[in-house]
Visitor: 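My structure is below; once you've seen it, I'll send some questions.
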Amino acid sequence: MKEHGRTVHVHYYALLREQSGISDETVHTEAETVLDLFVELNERYHFAARPERLKVALNAEFRNWDDKISHGDTIVFLPPVAGG
Amino acid sequence: MKEHGRTVHVHYYALLREQSGISDETVHTEAETVLDLFVELNERYHFAARPERLKVALNAEFRNWDDKISHGDTIVFLPPVAGG
Amino acid sequence: MFLLSAERIDTAQLKRALENPGAGACVTFEGWVRNNNEGKTVLRLEYEAYEDLALKEGARILAEALDKFGLLGATCVHRTGCLEIGELAVWVGVSAAHRDEAFAACRYIIDEVKSRVPIWKKEHYADGESGWVNCERCAAHGHDHAHGAGAAGILSRDDASYSRQTALP
Amino acid sequence: MFLLSAERIDTAQLKRALENPGAGACVTFEGWVRNNNEGKTVLRLEYEAYEDLALKEGARILAEALDKFGLLGATCVHRTGCLEIGELAVWVGVSAAHRDEAFAACRYIIDEVKSRVPIWKKEHYADGESGWVNCERCAAHGHDHAHGAGAAGILSRDDASYSRQTALP
């Protein structure tokens, strides 16, 4: 583990799951905020969705893109929902 | 049968059925309009309802109080409805 | 399809009849016998219908709704006879491509049925009294709205026997 | 009670749970899988949910509705997995003293569920294509409404990989 880094769990649903090819992963990252993490992961997966079209959940609650992430957090990027 | 008179069938529902004490009757009347007939029957039964609170049906269609009645017609005075 | 029923209404069967591969929305309304009304405890209800005209007027309301909202299906069944608390008094179900029309149409049908179809409701109260219920619009507006072709304005004679439309003790 | 179900939904049982002697009205909404959407023939749907958050957000919506409309009961069940045309995808049922609140609350719940609960829908079309469906508000407004705490305004970097939110062939 690098200095200052943190290990977080990321889950993918729907379009993001298909584009990453995985349902979830454990990531070691230097990212400080949720948005930093998204940008980092987007470089790897090239998600066909702009972050302003997504919402984000931190430990199963809706949160903000500039929220800090902590070791052990579970993060989910949420494509626009379409239930019903 | 009197001259100019006509024989009609009258049905009573709800409050009017209870106040007349009958569900239906065949009436020989000199009344020319539905309203005339109501006034005539009201003298007998003293309905606790003003005709402006009632609607009237002639041969199972909503009609007007000043409609003429004919021999053999079926007339129903309708208290305010309250389905549901 | 507008029906009157003296028996318990089978809602599952009615809902199946609304199915349509183009339907994305189904809205139903159920009127249940409530244990109170205007502050009085209700024990049971009686519904009485002028069947010939009720069936015609009910069918007209459904035809209006089908036309106005572009529905795929519309059904209403109203009970007659004695009903206990909790029993289903009236069922309305509609299916449509989208939910906007389905909600609007279901509401339209129950509102029109309540104010236009010749069905009367007698409430039996815990205090031993009973009464024929006035239509909601009458109660709300002190009866200054018209009941279709009313006799107001035609009648010149006074009607001395007028009283609150309630059964005498 | 908000539930997700991988199995067929038993609506009769759900409706019985809404019964209450003070309830005069029960309104239900059913979302059915429709055979077409935006001009394309749909063969079947897949629903995917982020269960932990979906259950929490669904429960919050029902609590809001109970409070806002003074309901006597409110339930919503959403399907997950593969659904065929005509299948029940989502069921909303509410009971209340009067029909005004029941209609308003049922509509509130389905609208909020569709726009807030993390559930995604993939349509499979007759032409062999498939696509994740955008929320209705996005489609209607070209996406100038906010999805809660969105990232617009925070993000300074361009996102060159943006494209229509649809599965690649």
Side-chain angles (χ1 to χ4, degrees), chain A residues 8-25 31-69 72-84, chain D residues 4 29 31 46-58 76 78-79 89-90 92 110-123 130-139 143 146-168:
Chain A
V8 295
H9 309 285
V10 184
H11 292 243
Y12 300 101
Y13 289 94
L15 188 64
L16 300 190
R17 176 178 51 71
E18 291 184 344
Q19 292 179 338
S20 68
I22 52 176
S23 291
D24 60 86
E25 63 182 332
E32 301 224 324
T33 68
V34 176
L35 183 59
D36 292 340
L37 178 64
F38 180 81
V39 170
E40 181 183 317
L41 293 168
N42 198 34
E43 281 165 16
R44 191 183 312 166
Y45 298 121
H46 304 291
F47 294 123
R50 290 185 299 200
E52 65 264 35
R53 298 201 59 172
L54 305 176
K55 292 172 83 168
V56 65
L58 199 57
N59 301 324
E61 282 299 348
F62 292 109
R63 298 289 290 275
N64 296 310
W65 286 94
D66 53 1
D67 278 7
K68 298 275 186 285
I69 55 178
D73 278 352
T74 295
I75 291 134
V76 184
F77 304 109
L78 306 165
V81 306
Chain D
L4 295 168
F29 170 81
E46 263 175 78
Y47 284 101
E48 183 173 340
Y50 174 16
E51 295 215 1
D52 285 358
L53 185 53
L55 293 172
K56 282 189 205 174
E57 190 70 358
C76 178
H78 204 297
R79 276 295 308 275
V90 57
V92 179
I110 187 59
D111 286 355
E112 296 299 306
V113 165
K114 277 174 174 267
S115 65
R116 289 167 50 186
V117 175
I119 297 174
W120 299 275
K121 172 162 65 179
K122 186 176 195 172
E123 291 180 337
S130 63
W132 293 96
V133 178
N134 287 321
C135 98
E136 294 171 4
R137 289 184 197 167
C138 310
H143 218 268
H147 272 288
I154 295 175
L155 190 77
S156 53
R157 306 160 185 84
D158 275 334
D159 182 355
S161 67
Y162 169 74
S163 73
R164 183 164 172 271
Q165 197 198 24
T166 259
L168 304 174

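Because the structure is predicted, anything quoted here is derived from the model rather than measured. To find a chain, count down the sequence lines: A is the first, B the second, and so on, and within it residues start at 1. What's counted below: heavy atoms across the whole structure, side chains too, no hydrogens, waters or symmetry copies.
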Visitor: Enter the distance from A:Thr74:OG1 to D:Asp52:CG here, rounded to the nearest 0.5 Å.
Guide: 9.0 Å
Visitor: About how many Å separate CZ of D:Arg116 and CG of A:Leu78, when rounded to the nearest 0.5 Å?
Guide: 13.5 Å
Visitor: Counting only non-hydrogen atoms closer than 4.5 Å, does D:Glu46 touch chain A with its backbone (N, CA, C, O), its side chain (CB onward), both, or neither?
Guide: neither
Visitor: Looking at every non-hydrogen atom in both residues, tell me the closest pair between D:Tyr47 and A:Ala82 and how far apart they are.
Guide: CE2-O, 4.1 Å
Visitor: Quick one: does any side-chain atom of D:Trp120 pair with a main-chain N or O of A:Tyr13 as donor and acceptor, under 3.5 Å?
Guide: no
Visitor: Looking at NE2 of A:His11 and CD of D:Glu51, how far apart are the two atoms once the value is rounded to the nearest 0.5 Å?
Guide: 12.5 Å
Visitor: Taking side chain as everything from C-beta outward and backbone as N, CA, C, O, which of these in D:Ala49 sits under 4.5 Å from a heavy atom of chain A? Side chain, backbone, both or neither.
Guide: backbone
Visitor: Taking all heavy atoms of D:Val90 and all of A:Gly84, pick out the closest pair and write down the distance.
Guide: CG1-CA, 3.6 Å
Visitor: If every non-hydrogen atom of D:Lys56 is compared with every non-hydrogen atom of A:Asn59, which pair is closest and at what distance?
Guide: NZ-O, 4.1 Å
Visitor: For A:Asp67, is it the side chain, the backbone, both, or neither that has a heavy atom closer than 4.5 Å to a heavy atom of chain D?
Guide: neither
Visitor: Any idea which heavy atoms bring D:Trp132 and A:Glu18 closest together, and the distance?
Guide: NE1-OE1, 3.0 Å
Visitor: Give the minimum heavy-atom separation between D:Pro118 and A:Val81, together with the two atoms involved.
Guide: CA-CG1, 3.5 Å
Visitor: What is the distance from atom OH of D:Tyr50 to atom CZ of A:Arg17, rounded to the nearest 0.5 Å?
Guide: 15.0 Å
